[in-house]
*Asks:* 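Here it is: the structure, laid out below.
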Amino acid sequence: MYGLWKPRVLGAWKVPATGPAILAVNHSHNIDGPMVMGVAPRPTHFLIKKEAFIGPLDPFLLGIGQLKVDRETTDRTAITQALGVLENGGVLGIFPEGTRGEGDFASLRAGLAYFAVRSGAPIVPVAVLGSSDRRGRLIKGLPPLRSRVDVVFGDPFDAGDGTGRRTRKALDEATTRIQKHLSAHLDEARRLTGRRENAGRPTGHQATLE
């Protein structure tokens, strides 16, 4: 990541130095996940759609601890593996929007709330800004080489209400709390970096690790 682009990392010290943690990352471009993996202060295990595990990428991604997930069903194997990462005191990376989009945390799936409430691990909001501002000249599906990409880590927070409840209502309430925290962090990250909301992200087919 540092060789191809110019990451500017803010707030990495906010990631807990030890113990379980969940990185909740906005997702507007295919390099967002690899970028966070490359600059995070601790090894991060991302839940990645199974379609990305093709050819040589399959053993590579598995070898660096990434988790394959089937998004078309309730993938109990992936859920067990993700909870295992947290139970062992590791860092789990999640795109709470579920897939690549505008990267504004406007629509969250319940998976993040489930992992946070079930494990009790704090959530660290992460904003990746600049990855989808412009297309590269050499490789259209990537940002321009040596362009700046900002990665801003926020303050950890607990998603649960302190009761330990894991009912549907409790998860829905946790999702609402999470969305407020993530949206506030994104606004603060834009303020800190001087970036506006993306006016136009790359379109067209892109090979992606979502």
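In what follows, every heavy atom counts, from backbone to side chain, and hydrogens, waters and symmetry copies are set aside.
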*Asks:* Is there a continuous path of hydrophobic side-chain contacts, each under 4.5 Å between heavy atoms, that joins Leu57 to Val36?
*Replies:*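 Yes, Leu57 connects to Val36 through the hydrophobic network.
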*Asks:* Show the nearest heavy-atom pair for residues Pro59 and Gly55, with the distance to one decimal.
*Replies:*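 Taking Pro59 first and Gly55 second, the nearest heavy atoms are CD-O, 3.3 Å.
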*Asks:* Supply the atom-to-atom distance Asp58 CG to Lys68 NZ, rounded to the nearest 0.5 angstrom.
*Replies:*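 It is 4.5 Å, given to the nearest 0.5 Å.
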*Asks:* With the 4.5 Å side-chain cut-off for hydrophobic clustering, are Ile94 and Leu83 part of the same group?
*Replies:*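 Same cluster: Ile94 reaches Leu83 through Ile, Leu, Val, Met, Phe, Trp or Tyr contacts under 4.5 Å.
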*Asks:* For the CD1 atom of Ile178 and the CG atom of Leu112, what is their distance to the nearest 0.5 Å?
*Replies:* 4.0 Å
*Asks:* Under a 4.5 Å cut-off applied to non-hydrogen side-chain atoms, are Leu182 and Pro96 in contact?
*Replies:*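 Contact flag for Leu182/Pro96 side chains = yes.
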*Asks:* Same cluster for Leu92 and Phe157 if Ile/Leu/Val/Met/Phe/Trp/Tyr side chains link at under 4.5 Å?
*Replies:*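 Yes: a chain of side-chain contacts under 4.5 Å links Leu92 to Phe157.
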*Asks:* With sequence neighbours excluded, what pairs up with Glu188 under the side-chain hydrogen bond (donor to acceptor under 3.5 Å, both in side chains) test?
*Replies:*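 Glu188 satisfies side-chain hydrogen bond (donor to acceptor under 3.5 Å, both in side chains) with Arg191 only.
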*Asks:* What is the minimum heavy-atom distance between Ala127 and Leu186, and which atoms define it?
*Replies:* CB-CD1, 3.8 Å
*Asks:* Which distance, rounded to the nearest 0.5 Å, do you find between the CG of Asp150 and the CZ of Arg190?
*Replies:*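 Reported to 0.5 Å precision, the distance equals 12.0 Å.
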*Asks:* Would you say Phe60 ends up clustered with Phe53 if hydrophobic residues are merged whenever their side chains have heavy atoms under 4.5 Å apart, either directly or through other cluster members?
*Replies:*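 Yes: a chain of side-chain contacts under 4.5 Å links Phe53 to Phe60.
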*Asks:* Please examine the side chains of Arg8 and Thr193, heavy atoms only from C-beta on, and report whether any two atoms are closer than 4.5 Å.
*Replies:* yes
*Asks:* Would you mind reporting whether Met35 and Pro7 have side-chain heavy atoms less than 4.5 Å apart?
*Replies:* yes
*Asks:* Give, for atom OG1 of Thr176 and atom NE2 of His181, the distance between the pair rounded to the nearest 0.5 Å.
*Replies:*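 Here the rounded value is 11.5 Å.
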*Asks:* Is there side-chain contact between Asn26 and Val128, with heavy atoms separated by less than 4.5 Å?
*Replies:* yes
*Asks:* Answer with yes or no whether the hydrophobic clustering places Val69 together with Tyr114; edges join I, L, V, M, F, W, Y residues whose side-chain heavy atoms lie under 4.5 Å apart.
*Replies:* yes
*Asks:* Taking all atoms of both residues into account, what is the closest heavy-atom pair of Ala21 and Leu86, and its distance?
*Replies:*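 Heavy atoms of Ala21 and Leu86 come nearest at O-CD2, 3.5 Å.
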*Asks:* Nearest 0.5 Å, please: how far is CG in Leu62 from CD1 in Ile48?
*Replies:* 9.0 Å
*Asks:* Distance-only check: which donor-acceptor pairs under 3.5 Å involve side-chain atoms of residues 39-47, not counting sequence neighbours?
*Replies:*
unit_1	atom_1	unit_2	atom_2	d
Arg42	NH1	Pro16	O	2.8
Arg42	NH1	Gly19	O	2.8
Arg42	NH2	Gly19	O	3.0
Arg42	NH2	Gly89	O	2.8
Thr44	OG1	Arg42	O	3.1
His45	ND1	Gly65	O	2.7

*Asks:* Hey, does Val149 have a side-chain heavy atom less than 4.5 Å from the side chain of Asp32?
*Replies:*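 Side chain of Asp32 against side chain of Val149, heavy atoms only: no contact under 4.5 Å found.
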*Asks:* Checking Gln81 now: which residues fulfil side-chain hydrogen bond (donor to acceptor under 3.5 Å, both in side chains) with it, not counting sequence neighbours?
*Replies:*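 Partners of Gln81 by the side-chain hydrogen bond (donor to acceptor under 3.5 Å, both in side chains) criterion come out as none, since no residue qualifies.
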*Asks:* Can you tell if the side chain of Leu67 reaches within under 4.5 Å of the side chain of Val85, non-hydrogen atoms only?
*Replies:* yes
*Asks:* If you measure from NE2 on His185 to CD1 on Ile123, what distance do you get to the nearest 0.5 Å?
*Replies:*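 His185 atom NE2 to Ile123 atom CD1 measures 12.5 Å (nearest 0.5 Å).
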*Asks:* Could I get the full list of side chain to side chain contact (heavy atoms under 4.5 Å, CB included) partners for Asp70, not counting sequence neighbours?
*Replies:* Lys50, Glu72, Thr73, Asp75
*Asks:* Using the test side-chain hydrogen bond (donor to acceptor under 3.5 Å, both in side chains), find all partners of Asp158 that sit at least two apart in sequence or belong to another chain.
*Replies:* none
*Asks:* Which heavy atom in Ala174 sits nearest to a heavy atom in Val117, and how many Å separate them?
*Replies:*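 Shortest heavy-atom separation between Ala174 and Val117 comes out as CB-CG2, 4.0 Å.
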*Asks:* Quick test of your reading: applying salt bridge (Lys or Arg N to Asp or Glu O under 4.0 Å), list the pairs with at least one residue in residues 11-26, sequence neighbours left out, ordered by first then second residue.
*Replies:*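 Residue pairs with at least one partner in residues 11-26: Lys14-Asp155.
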